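As the structure is a prediction and not an experimental result, all values here were calculated from the model. Atoms within each ligand, like the ligands themselves, are counted from 1 in listed order.
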Amino acid sequence: MSPSTTTRRHGARAVALVAGVAAIALLATGCSSSASTDTSTGAAASGSGDKNYAITFLPKNLGNAYFDTSDKGGSKAITEFGGTYAEVGPATAAADAQVSFINTLTQQGVGAIIISADDPTAIGSALNEARAAGTKVVTFDSDTDPQYRDLYINQATADGIAKIEVDLITKQIGDTGEVAILSASANATNQNAWIETMKKELAANHPNVTLVDTVYGNDDDQTSFDKTAALLQSHPNLKGIISPTTVGIAAAARYLQTSQYKGKVALTGLGTPNQMRDYVNDGTVTAFALWNPADLGYLAAYGAKALIDGTITGKEGDKFTAGALGEFTVGKDATVLLGEPFTFTKENIADFNF
Ligand code: RAM
């Protein structure tokens with residue numbers, strides 16, 4: 001399935017959900033917001049009837065275009081069902097920083113927290129305190145261990161995400177030689193799951209490709225840029241870099257673009273079309289993958305609503321309708337799957353705007 005675009009439609013679920021012109025002013029400050037809550041009483045604002053539709057997105061960190069897009073998708077959904085949207089989050093992708101935001105949201109009594117976890121366990125007890133106080137917890141993008149949340153909205157299977165990245169890099173380097181991974185933060189649940197699966201895929205199907213290093217840019221642009229430079233210095237025979245993070249791949253592409261390695265060292269991974277467009281158009285990068293982050297946020301918001309309504313509890317087989325995306329069924333481990341990753345190339349990148 002193609003991710004939704006502003007110019008294309010593929011199938012019933014591929015609805016354009018990018019939040020369009022409605023810029024979320026809250027994002028501009030780079031710090032927290034309590035726009036959805038009545039801080040004078042500590043009570044959460046309730047959007048509609050007697051249901052507590054005060055829903056707050058808590059990304060890994062603010063200032064990441066990927067989460068700007070996913071959370072706008074969430075805002076669109078929450079507006080559709082008459083709830084109150086907010087976004088809060090740390091400046092850097094760190095679990096301890098997420099804990100203080102979770103605690104504040106628990107005190108405020110929000111209806112749901114929708115979080116991309118910086119760590120699978122470190123935020124667990126804070127999340128369980130929120131749940132004990134009546135707040136629904138939905139993870140999206142990056143999960144916690146299942147006992148700390150009510151639902152996980154998964155963008156695509158780890159197998160699917162790992163396979164597309166390994167297929168792309170191995171094709172780009174002629175299926176032989178040294179590759180390295182530039183990841184997000186070392187504890188990120190999503191990247192770590194994908195890396196484990198990529199290692200298995202490489203070992204099983206690409207005997208002439210060697211993974212020589214895995215480094216972490218912490219989803220920080222400058223750190224990712226510097227780690228790219230260091231990788232290329234310490235591995236002179238490197239033929240390819242896989243960066244399974246939108247921050248990492250954009251920073252690595254920027255480094256490669258003006259370096260002696262442009263066209264010699266391949267780069268692929270997960271990126272947003274808007275951040276990667278120039279690098280694809282000038283040949284620094286030939287292909288990369290992603291899903292539609294706006295759809296992910298939109299689906300997560302409807303998942304939170306279904307939990308608040310009591311339509312679902314997270315049991316396997318539970319069903320709910322996610323607005324324009326249609327009906328979804330809860331799978332194993334209270335997980336809901338959005339779809340499949342999509343490959344962006346010079347031929348199609350102009351069709352996408354997120
Ligand atoms: C970054 C984040 C996010 C991940 C994407 C692909 O924006 O690490 O968690 O899903 O990349």
Side-chain angles (χ1 to χ4, degrees), residues 3 27 57-74 87 89-95 97-98 114-120 123 138-144 152-158 160-165 168 181-198 214-225 227-228 241-254 267-276 285 287-297 299-300 335 337-344 352 354:
L27 300 176
F57 274 73
L58 208 175
K60 283 180 174 174
N61 60 331
L62 298 183
N64 176 345
Y66 172 90
F67 289 117
D68 292 351
T69 303
S70 66
D71 297 7
K72 277 183 196 165
E87 185 199 55
T92 55
Q98 283 190 317
I114 300 179
I115 184 167
S116 173
D118 279 319
D119 188 289
I123 59 174
V138 176
T139 51
F140 82 121
D141 178 66
S142 179
D143 199 10
T144 57
Y152 171 48
I153 309 293
N154 191 8
Q155 47 270 57
T157 64
I161 294 170
K163 174 115 175 42
I164 206 166
E165 293 180 84
L168 287 171
I181 293 175
L182 168 66
S183 190
S185 59
N187 293 337
T189 326
N190 52 344
Q191 273 89 12
N192 285 346
W194 304 333
I195 290 169
E196 277 319 297
T197 315
M198 284 197 278
T214 299
V215 298
Y216 301 91
N218 297 330
D219 270 351
D220 175 72
D221 175 70
Q222 189 60 46
T223 311
S224 304
F225 186 89
K227 294 279 175 160
T228 305
I241 299 172
I242 308 171
S243 188
T245 143
T246 59
V247 179
I249 193 175
R254 196 171 80 252
L267 170 66
T268 193
L270 305 173
T272 68
N274 286 355
Q275 288 175 297
M276 297 303 290
V285 169
F288 64 95
L290 200 69
W291 44 92
N292 187 329
D295 286 354
L296 187 68
L299 175 57
T335 294
L337 188 64
L338 173 66
E340 287 166 20
F342 178 82
T343 301
F344 300 90
F352 298 91
F354 61 84

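A donor-acceptor contact shorter than 3.5 Å links the side chain of S243 to the backbone of L182.
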Report each N/O pair between ligand 1 and the protein that falls under 3.5 Å, naming both atoms.
from	atom 1	to	atom 2	distance (Å)
ligand 1	7 (O)	N64	ND2	2.9
ligand 1	7 (O)	T246	OG1	2.6
ligand 1	8 (O)	K60	NZ	3.0
ligand 1	8 (O)	Q191	NE2	2.9
ligand 1	8 (O)	D219	OD2	2.6
ligand 1	9 (O)	K60	NZ	2.8
ligand 1	9 (O)	D141	OD1	3.4
ligand 1	9 (O)	D141	OD2	2.5
ligand 1	9 (O)	N190	ND2	2.9
ligand 1	10 (O)	D141	OD1	2.5
ligand 1	10 (O)	N190	ND2	3.3
ligand 1	11 (O)	T246	N	2.9
ligand 1	11 (O)	T246	OG1	3.4

* Check the pair L290 / F354 against side-chain contact (heavy atoms from CB on, under 4.5 Å), numbers first and verdict last. => CA-CA 11 Å; L290 200 69; F354 61 84; 4.2 Å; yes
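For A250, the side chain to side chain contact (heavy atoms under 4.5 Å, CB included) test picks out Q275, M276, with sequence neighbours left out. Residues passing the side chain to side chain contact (heavy atoms under 4.5 Å, CB included) test with P120 are D145, T189, sequence neighbours excluded. With sequence neighbours left out, F57 forms a ring-ring contact (aromatic ring centres under 6.0 Å, His included) with Y85, F140.
No side-chain heavy atom of D141 sits under 4.5 Å from any side-chain heavy atom of S70.
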